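This structure is a prediction, so every number in the text was calculated from the model and none was measured.
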Amino acid sequence: QVQLVESGGGLVQAGGSLRLSCAVSGSIFVINAMDWYRQAPGKQRELVAGITSDGSTNYADSVKGRFTISRGYAIRSVYLQMNSLKPEDPDVYYCRPRGYAYWGQGTQVTVSS
C-alpha cells in the first residue's frame, strides 16, 4: 500500500509564503520524479512543478520565479516553497510520484487579500 501525505497548507496574506511538504511511504520501489499539482474548485488539476531524482526541475509559467521545488532523501519527500503568493494561487495542492496513479488527500492553500 502506498501513502502520500501532503502538509503545510494554510491561510496566508497576499505576498506571503508557505512551504508545503509531501512524504511518500509504502511499496513504491523506484521513484524517478515527483510532481506537485493543484486544483481549484470546478477546474482540472494542473501541474505546478516537478523534480527528478537527479535534481532537474520544471515549473508552470504561472509560478516560475515564485515557487521552488526541492527533494529529500531518495526523493521520497518533496517540498514546495511558495513565495509572493497571489490571490489566484489558492487551491488544494497534491503531490504525486511521476508515472504512478497515487494521490494524497492534498493540502489547502488560502490567500487573503
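- In the hydrophobic cluster analysis, where Ile, Leu, Val, Met, Phe, Trp and Tyr join through side-chain heavy atoms closer than 4.5 angstrom, Leu20 is grouped apart from Val92.
- The distance from atom OG of Ser56 to atom CD1 of Ile51, rounded to the nearest 0.5 Å, is 8.5 Å.
- Residues Ala60 and Leu47 approach most closely at CB-O, 3.5 Å, considering heavy atoms.
- No continuous path of ILVMFWY side-chain contacts below 4.5 Å connects Tyr100 to Val5, so the two sit in separate hydrophobic clusters.
- Residue Arg76 comes nearest to Ser25 through the heavy atom pair NH1-CA, 4.2 Å, listed as atom of the first residue, atom of the second, then distance.
- Ser21 meets the side chain to side chain contact (heavy atoms under 4.5 Å, CB included) test with Ser7, Tyr79; sequence neighbours excluded.
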Exercise. Can Thr110 and Val12 be said to form a side chain to side chain contact (heavy atoms under 4.5 Å, CB included), step by step?
Worked result: CA-CA 6 Å; Thr110 304; Val12 65; over 6 Å; no
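- Closest approach of Ala40 to Asp91, counting heavy atoms only: CB-OD1, 2.7 Å.
- The only option from Gln105, Glu6, Arg38 that meets the side-chain contact (heavy atoms from CB on, under 4.5 Å) definition with Tyr94 turns out to be Glu6.
- Criterion: ILVMFWY side-chain heavy atoms under 4.5 Å apart, direct or through other members. Under it, Met82 and Leu11 are not part of a common hydrophobic cluster.
- Here the closest heavy-atom approach between residue Ser113 and residue Ala14 is recorded as CA-CB, 4.4 Å.
- Between atom CE of residue Met34 and atom OG of residue Ser77 there is a gap of 8.0 Å, rounded to the nearest 0.5 Å.
- Looking at every heavy atom in both residues, Ile69 comes nearest to Tyr59 through N-OH, 2.9 Å.
- For Gln3, the CD atom is loosely surrounded, since the number of other residues' heavy atoms within 6.0 Å does not exceed 12.
- Checked against the 6.0 Å centroid criterion, the rings of Trp103 and Tyr37 qualify as a close aromatic pair.
- Closest of all the heavy-atom pairs between Gly55 and Arg71 is CA-NH1, 3.5 Å.
- Side-chain contact between Gln81 and Ser17 is present, with at least one heavy-atom pair separated by less than 4.5 Å.
- Atom CZ of Arg19 is separated from atom OG of Ser70 by 5.0 Å, given to the nearest 0.5 angstrom.
- Taking 4.5 Å as the limit, some side-chain heavy atom of Leu85 sits within range of a side-chain heavy atom of Phe67.
- To the nearest 0.5 Å, atoms OG1 (Thr52) and CD1 (Ile75) are separated by 6.5 Å.
- Salt-bridge check for Lys64 with Asp61: passed, with a basic side-chain N closer than 4.0 Å to an acidic carboxylate O.
- Interatomic distance, CZ of Arg96 versus CG of Asp35, reported as 6.5 Å (0.5 Å rounding).
- Electrostatic pairing of Arg66 and Asp89 counts as a salt bridge here, judged by a charged N lying under 4.0 Å from a carboxylate O.
- Follow the hydrophobic side-chain contacts under 4.5 Å out from Val2 and you reach Val78 in the same cluster.
- Contact check for Cys95 versus Leu80: no side-chain heavy atoms found under the 4.5 Å cut-off.
- The 12-atom threshold is not exceeded at CD of Gln44, counting heavy atoms of other residues, nucleotides or ligands nearer than 6.0 Å.
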